[in-house]
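Right, one structure below, let's go through it.
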Amino acid sequence: MEVRDLHPWPGTPEEARAIQDRLRPLLDLDDPAPVSPRTVAGLDVSYAGDGRDDGTAARLAAAVVVLDAGSLEVVEESVVTGTAAFPYVPGLFAFRELPALVEALRRLNTVPDLLVCDGYGLAHPRRFGLACHLGVLTGLPSLGIAKRPFVGAYDPPGEERGSAGPLRDGGEVVGRVLRTRQGVKPVFVSVGHRIGLDEACRVALALSPEFRLPETTRRADRLSRDALAGLLPS
DNA sequence: GCGACAG
DNA sequence: ATCTTGTCGC
């Protein structure tokens, strides 16, 4: 599929933040139309550990797995190996894996109806997490499902699957804390681009019929790990 | 100023 | 993210 060219690559955290501030206005989040995705793409990245002290140049594998939204059967897979493009800095996480993920998306023959990212969308210090960034670059609806809290405050949702509550930051609701499995830690859902929070949570639940994490990220996680394992140890 | 901080 | 043993439970 087609993906917009990457902007000039930032050399410093300041430049990276400036890029996020410049791209944020491109988000389409006002009254988004229903997505009702037929296919959903899950994205994830695995790392080989070493690299430089700042984490740059660490070997990684970025995977995209497209599933049929109804049956959750695999429609297409794409994996690429590469190196971390930026040190890990909370709030600038996207710059670490963006180049590899974009390349994996470009190698897709299918154009998914929705992107499900491992991390955050709007629930971000500058309201521009990885899901927002990929949404703008691809033009596709996107959302983020994170395993751990980042920004915002929340009350623990009920113990049953489906229970949820608002994730609030700076006086605004930036996402939702959702229990995808009874008695198990909840996940953090936030919209990225062209989708509403209600639909994002419905999709998140539909993609997680059995486990805490959605099948999209579970599949992408396994694929990226396998790709890394297939590389010569070094 | 100090601590916390997606993956 | 990754480093990691055993253990409880379906």
Side-chain angles (χ1 to χ4, degrees), chain A residues 13 16-17 19-20 24 42-65 79-102 104 115-135 142-154 159 161 167-170 174-178 180-193 197 200 204 209-214 216-229 231 233-234:
Chain A
R17 290 185 196 101
I19 289 172
Q20 294 179 324
R24 192 181 48 240
L43 299 78
D44 193 27
V45 175
S46 290
Y47 295 82
D50 55 310
R52 288 184 254 187
D53 350 312
D54 67 352
T56 290
R59 297 286 286 160
L60 59 73
V64 179
V65 177
V79 218
V80 305
T81 56
T83 55
F86 208 77
Y88 172 66
V89 179
L92 300 179
F93 166 61
F95 294 93
R96 199 164 169 64
E97 358 191 283
L98 223 34
L101 285 174
V102 164
L115 262 33
V116 174
C117 306
D118 197 21
Y120 284 99
L122 264 196
H124 174 277
R126 283 169 299 285
R127 304 291 179 264
F128 201 75
L130 176 63
C132 297
H133 211 134
L134 280 169
S142 66
L143 62 90
I145 297 180
K147 300 182 269 309
R148 305 181 359 188
F150 184 28
V151 297
Y154 61 94
E159 292 296 316
R161 164 179 157 82
L167 178 61
R168 293 196 175 83
D169 185 46
V174 295
R176 199 170 289 167
V177 183
L178 174 68
T180 52
R181 186 173 183 183
Q182 184 172 64
V184 175
K185 287 190 303 179
V187 296
F188 302 79
V189 180
S190 58
V191 306
H193 186 52
L197 188 52
E210 188 173 5
F211 303 106
R212 176 168 91 116
L213 297 180
T216 36
T217 74
R218 285 168 46 79
R219 291 278 193 173
D221 178 73
R222 186 189 302 181
L223 182 56
S224 61
R225 279 179 200 280
D226 290 350
L228 260 194
L231 296 180
S234 175

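All chains are named by letter (A, B, ...) in the order of the sequence lines, taking the proteins before the strands, and each is independently numbered beginning at 1. Fair warning: this is a prediction, and the values are worked out from it, not measured in the lab.
Distance A/Leu228 CG to B/dG7 P: 17 Å, rounded to the nearest Å. Rounded to an integer number of Å, the gap from A/Phe150 CZ to C/dA1 P is 15 Å. Rounded to a whole Å, the CZ atom of A/Phe95 is 22 Å from the P atom of B/dC5. When the P atom of B/dA6 is taken as reference, atom CG of A/Leu122 falls 18 Å away, rounded to whole Å. Taking atom CZ on A/Phe211 and atom C1' on C/dG9, their separation rounds to 13 Å, with Å as the unit. Straight-line distance from the CG atom of A/Leu134 to the P atom of B/dA6: 18 Å, rounded to whole Å. Rounded to whole Å, the distance from NZ on A/Lys147 to C1' on C/dT2 is 13 Å. Atom-to-atom, CG of A/Leu98 to P of C/dA1 comes out at 18 Å; the value is rounded to the nearest Å.
Within the 4.0 angstrom heavy-atom criterion, base atoms lie near A/Tyr120. If you check every strand for non-hydrogen atoms under 4.0 Å, A/Leu92 touches a base. Nucleic acid contact for A/Gly144: none, since no nucleic acid atom lies under 4.0 Å from a heavy atom of the residue. A/Pro149 comes within 4.0 angstrom of the backbone, heavy atoms only, and of no base.
In this structure, A/Tyr88 packs face-to-face on the six-membered ring of B/dG7, meeting both the 5.5 Å centre cutoff and the 30° plane limit.
Minimum atom distance to the side chain of A/Leu130 is reached by B/dA6, of the listed B/dG7, B/dA6, C/dA1. Residue A/Phe93 places its side chain closer to B/dG7 than to any other of C/dA1, B/dC5, B/dG7.
Between A/Arg96 and B/dG7 there is no side-chain polar atom (N or O) within less than 4.0 angstrom of OP1 or OP2. The side chain of A/Arg225 places an N or O atom within less than 4.0 Å of a non-bridging phosphate oxygen (OP1 or OP2) of C/dT2.
Without hydrogens or angle criteria, A/Arg127 side chain to A/Arg24 main chain gives no donor-acceptor distance under 3.5 Å. In this structure, A/Ser46 contributes its side chain and A/Ala61 its backbone to no donor-acceptor pair below 3.5 Å.
The aromatic rings of A/His133 and A/Phe128 sit tilted relative to each other, their planes meeting at an angle between 30° and 60°. Between A/Phe150 and A/His124, the angle of the ring planes goes over 60°, which puts this pair in the perpendicular group of the 30/60° scheme.
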_Verdict with reasoning, A/Lys147 to A/Asp118, per salt bridge (Lys or Arg N to Asp or Glu O under 4.0 Å)_ = CA-CA 8 Å; A/Lys147 300 182 269 309; A/Asp118 197 21; 2.9 Å; yes

